[in-house]
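Below is one structure, written out as structure tokens, with a few remarks after it.
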Amino acid sequence: MQIWGIILSPLLALVVGIFFLGLSRKIMARIHWRYGPPITQPVIDIIKLFSQKSISHGTIFDLGLILSLAGSFVVILFLPLGQMCPLSSGGLLAILYLMLLAPLGIALSSGEAANPNSSIGISRKFLLALGYEVPLLFILLAVMTHYNTISLVEIVRIQSTTGWSFGSLPLLLSGIAYFLILPAILGIRPFEIAGAGQEISSGANAEFGGKFLAFSTIQHALHEFIGISLFVNLFLGGWSLFGILEPITNTVWGVILGIIVFLIKMLIVFILGLFINAVFPRFRIEQAIKYLWKWPTLFAFIGLIVVVLVK
Amino acid sequence: MSLELLIIVAFGGAFLTYFLGKISSKLRNSFAVLNALALVVIIACLYGQTMEKSFYFGFFSLPLILRNNVLSWFFAIAISVLGALSVIFSLSYMRNRERTDFYYLMMLLVNAAMLGIVFSGDLISFFIFWEIMSWSTCILISYNRGPALAAGMKYIIMSIIGSMAMLVGMLSLYTTYGTLNIATLSTLVASSSHGYLLFLLIIFGITFGIKNAVMPLHTWLPDAYAEAPSPFTAVLSGMLTRMGIYGFLLIMYVIVGAGATLHLGHGFFTFNNILAWLGAITIVIPTFIAMLQNDAKKLLAWHGIGQGGYMILGIAFGTSLGMAGGIFHTLNHAIYISLLFMSVAAIQYRTGGVRDLNSLGGLIKKMPIAFIGGLLGICGLIGIPLTNGFVSKWLIYKTLILNGAPFLAFAALIGTWGTILSVYKFLHNIFLGQLPEKYKNIQKSPFSMRLPIIVLSFAILLFGILPGIPLKVINAIDVSLGFKSLNVTLWGIASDSGTLNTINIFAVVLVFGVIIWLLFKAGRKAPKVDQYDNYAAGAAIPKGKYHYTVDYYNPFYRMATPYLKDFVDVFYMKIAKWTQNLCNTVRRIYTGYVGNYVMYIVLFMAFLILIQLKWSVF
Amino acid sequence: MDRNQLKKWFESPAKMGHKYSLHVVYFCTGCGIIEIPPSITARWDAERFGVIPVATPRQANLFLITGYVSVKTLKAVIRTYEQMPEPKFTVGFGSCPINGGMYWDSYNTIKHLDKYIPIDGWIAGCMPRPEAIFIAVTHLWTLIDKEMADGYKKYKENYRYYRANQEQLYGKLDWPPLFSEEDKK
């Protein structure tokens with residue numbers, strides 16, 4: 001079971017992440033009243049990028065990108081995918097820290113590219129991260145304090161018996177705050193600051209071409225998968241569906257249905273995020289930080305106080 | 001191996017080094033290294049032995065006691081290894097400088113004094129060694145003259161305040177119990193009244209808080225770290241400052257005892273809770289101030305303050321998990337911060353003392369070992385998994401969350417994110433980005449600099465992947481201080497609510513890294529290009545004036561600069577100014593004219609006569 | 001459009017990838033750029049062909065030079081072309097890059113762009129309509145299929161000729177030659 005999980009969940013995340021990229025382009029096109037590219041367009045792009053002859057700026061330019069992609073895959077192993085969670089040691093804290101590998105790798109890689117656009121992109125990326133980490137940490141601490149555990153698997157399991165945390169009263173505010181910062185975590189508009197194509201030539205990606213860009217694209221896909229699945233796991237109960245799947249827990253069909261339910265939840269959250277992405281322009285970085293440190297932080301902070309008081 | 005041999009080797013070696021230096025500098029260098037290594041060997045041989053030995057010198061009828069236990073040994077081995085590496089590092093760093101004999105003397109003296117502190121079994125010898133350490137540190141901080149003198153002055157003034165506080169505490173202990181033996185005190189003190197215990201904890205807390213730079217007492221640190229010679233800064237930041245943590249452990253959990261310490265005060269205002277909140281403040285504010293620094297050593301210095309907060313948070317809670325986290329973080333911090341200072345020192349050595357982050361860049365191609373040191377150092381500082389900082393921070397966070405202190409946990413976690421921002425800037429501005437034309441012909445660092453960097457980098461990974469090695473010793477410390485034992489394995493820690501297993505993180509990172517690397521190799525080969533073959537909207541890159549790392553987080557600076565000043569330092573400096581003015585005024589009494597002095601005497605006599613006539617007191 | 005024929009994908013994935021994922025660096029040299037916004041937005045929607053604009057030449061494989069090229073701009077055009085990863089395709093848009101167009105007697109525009117960088121196809125007209133871009137794209141597909149869109153190979157083979165032309169115009173260039181003599185062998 002664990003071995004299958006280790007092999008399957010990264011592949012599933014890869015497929016789903018790239019599917020989401022394609023879907024987002026298609027849906028955005030439809031919102032724009034366009035026909036749009038085929039849903040497989042990201043796959044075509046990645047195949048093309050792999051066959052291109054790119055340039056490299058040095059060893060860290062290569063290794064940083066490899067580290068970032070490997071880091072993303074490792075985080076996926078620590079996230080419960082339905083009932084399947086290959087690794088769980090260290091709990092939510094380990095996930096929080098493993099999630100640093102990916103941006104650090106990208107930052108090292110494009111740091112060595114010695115391109116000012118890349119550096120500005122990285123600086124914005126880290127500032128944006130600082131912006132959304134403040135509410136995010138309040139939210140995660142509220143959840144961990146409420147369930148009195150640091151294990152994400154445990155949090156999902158408790159939710160399957162007591163109901164989604166989004167529906168439970170003490171965590172409602174935290175859930176709202178998480179949804180408010182979700183676009184910032186995913187890096188979609190209005191928080192598309194770090195990779196702004198028109199302003200800073202796609203930021204960190206400016207010197208990436210060929211296979212480097214392919215890796216960066218895959219990493220982006222995985223990053224979106226991670227951001228959304230963390231939300232679904234923390235607040236939408238992971239695989240649980242109003243107790244319907246309860247009788248077949250731990251059977252093969254239970255696991256498969258659990259994953260399907262989980263992915264459908266992710267899809268809904270993702271499409272909601274896309275609608276936000278479609279209608280908003282881009283913030284400036286200081287506007288983004290001001291926003292993130294105002295409403296989401298307020299909600300998350302009150303949420304944490306409520307959780308502490310209820311306990 | 002005995003303890004007196006250790007002390008003799010440590011102090012004797014220091015002075016012998018000085019005199020050998022008068023004969024030949026080569027002899028002195030090799031003797032200094034041998035001496036430092038001999039200390040490591042002696043201390044390593046002391047592992048697992050508990051001993052106590054008293055020497056009577058007729059000093060106020062008080063014996064001086066040396067003792068060894070697992071807590072002392074843990075700190076001693078860290079001190080001696082770090083001291084040895086730092087001496088090795090100094091070999092090339094201090095070459096062609098003046099007063100090197102004196103430098104080595106002071107360096108080894110500081111080392112010896114720290115060993116004395118951790119091995120001393122009574123408060124008198126503790127105090128003596130503490131003073132030797134403070135004064136020799138002050139001299140070393142001022143080694144470079146110029147602004148370093150002011151930094152040394154700031155340090156020694158605060159240090160003296162701390163020592164005086166300790167002296168008051170010691171006198172009070174002596175008058176109450178008639179002994180200063182730590183082992184005896186630990187059985188006697190715990191039963192005294194809450195008020196007295198609180199007094200003891202606060203008075204010693206001031207001493208150790210100053211040394212460990214807990215937030216309102218931290219102002220000596222940034223200047224001292226920045227101005228001291230870089231190899232010494234590694235020792236200063238790594239272990240010397242952390243003597244404060246040793247002191248806190250000594251007073252809180254050895255002398256007063258865990259049972260008594262944890263129940264002092266009411267409600268929110270218990271001693272350990274206040275200490276924990278001070279720790280949290282110490283994490284957050286310095287970490288964010290560090291973001292504004294443009295001086296590499298000052299940036300690290302502010303992080304040194306911030307990381308001290310984690311240790312305080314860990315040990316303040318007094319659970320076995322938190323204690324393990326706090327003590328382990330002390331060790332980890334010593335490793336990565338000295339590694340970072342050594343990397344900076346290597347850069348300084350090759351660039352002619354430049355440590356301004358705005359004028360360096362691209363040095364990765366010229367000094368790869370220093371880059372690896374810097375990279376692993378910042379990874380440890382952030383707490384990236386598979387480096388040692390992750391394990392200790394994980395232990396601390398877990399303690400905080402499970403003990404129902406989410407706001408403290410928030411302070412600790414947000415400190416990490418502030419750290420990422422500033423240390424990435426540190427790494428980027430020194431090693432990544434464009435290489436300035438003037439550093440085109442720079443050479444890689446000499447071997448005596450590369451060796452300590454490689455050793456410490458290796459230690460970061462080793463303790464990150466197999467944290468069980470130090471955690472076993474730390475667990476023994478936990479047990480000796482009266483906490484319950486942890487279930488430590490070689491690759492992590494198992495407990496009832498969530499385990500940590502670094503080996504499987506390591507395994508999956510390795511496997512995915514290799515798979516992706518193979519995939520990367522399978523793609524078309526990417527030829528390496530020059531840094532000037534770069535996208536600049538079609539223009540060619542202008543050479544020599546393409547520097548863009550100034551104000552790296554500019555939008556944030558604009559928002560935060562007004563709020564992120566060191567207000568405490570400003571306040572202290574104001575007090576210093578007032579004191580100076582007051583003394584200036586008092587000085588004017590001494591005019592130098594005999595007539596004036598006669599007048600003072602007459603006035604004073606008249607005053608006395610007046611009092612006698614009125615109240616007839618005499 | 002044979003985009004959905006799996007057989008072709010298995011036979012030559014790289015070629016198919018290059019055909020259906022044309023990432024364009026639009027070089028706003030002249031008035032031609034005004035035709036680009038309608039072609040990539042809702043009215044004509046270039047994305048359905050897999051054609052999207054990207055931010056830097058490193059990420060692109062199609063170079064669209066829209067309008068007259070002044071002598072000063074040409075430097076940036078050459079630089080951008082050289083920074084694109086291979087295989088790369090170039091399309092000149094409008095009559096000016098072809099033969100100078102209405103600037104045929106100007107002192108500071110170049111008349112024949114293909115003297116300086118290789119061009120795989122031209123879109124004639126002043127101005128060509130957005131539909132013409134799509135016709136050019138479909139033609140480019142045919143060329144890629146028949147491996148006739150080989151401008152980047154020609155550039156490598158005849159680099160001395162191109163570099164000489166470039167240096168004739170500018171004297172000394174700010175960057176070293178892209179290919180050394182050994183590379184060509």
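The figures that follow rest on heavy atoms only: side chains count, while hydrogens, waters and symmetry mates do not.
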When the 4.5 angstrom heavy-atom criterion is applied to C/Ile52 and chain A, the contacting part is side chain
Checking C/Trp9 against chain A: side chain, backbone, both or neither under 4.5 Å from a heavy atom?
->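 For C/Trp9, the side chain is the part near chain A, not the backbone.
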Answer yes or no: is there a side-chain heavy-atom contact under 4.5 Å between [X] and [Y]?
X: C/Glu47; Y: A/Arg25; answer: yes
X: C/His23; Y: A/Lys48; answer: yes
X: C/Arg58; Y: A/Ile55; answer: yes

Closest contact, heavy atoms only, [X] versus [Y]:
X: A/Ser51; Y: C/His18; value: OG-NE2, 3.0 Å
X: A/Asp45; Y: C/Ser21; value: OD1-OG, 2.6 Å
X: C/Thr56; Y: A/Ser201; value: CG2-CB, 3.5 Å

Using non-hydrogen atoms only, which part of [X] is less than 4.5 Å away from chain C: side chain, backbone, both, or neither?
X: A/Phe208; result: backbone
X: A/Ile44; result: both
X: A/Asn205; result: both

query = How about A/His32 and C/Thr41: does a side-chain donor come under 3.5 Å of a side-chain acceptor?
reply = no
Keeping the roles fixed (side chain from [X], backbone from [Y]), state whether a donor-acceptor pair exists under 3.5 Å.
X: A/Gln52; Y: C/Met84; answer: no
X: C/Asp45; Y: A/Tyr35; answer: yes
X: A/Gln41; Y: C/Tyr20; answer: yes

Comparing A/Gly210, A/Ala29, A/Pro38, A/Gly209 against chain C, the one with the most heavy-atom pairs below 4.5 Å turns out to be A/Pro38
For the interface with chain A, which of C/Ala14, C/Pro85, C/Ala60 has the highest count of heavy-atom pairs at distances below 4.5 Å?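 The candidate making the most pairs under 4.5 Å is C/Pro85.
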Per-residue tally against chain A (heavy atom, under 4.5 Å) across C/Pro53, C/Pro87, C/Pro57, C/Ala42 peaks at C/Ala42
**Study point:** Steps toward side-chain hydrogen bond (donor to acceptor under 3.5 Å, both in side chains) verdict (C/Gln59, A/Ser202)
**Key:** CA-CA 10 Å; C/Gln59 307 167 356; A/Ser202 73; 3.1 Å; yes
- Task: Give a yes or no on this: more than 12 heavy atoms of other residues, nucleotides or ligands lie within 6.0 Å of atom CD1 of C/Ile34.
- Result: no
Q.
For the CD atom on C/Glu11, are there more than 12 heavy atoms of other groups (residues, nucleotides or ligands in this structure) within a distance under 6.0 Å?
A.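 Atom CD in C/Glu11 is crowded, with more than 12 foreign heavy atoms closer than 6.0 Å.
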Rounded to the nearest 0.5 Å, what's the gap from OG on A/Ser54 to CD on C/Glu86? Could you check?
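Nearest 0.5 Å value for the OG-CD distance: 11.0 Å.
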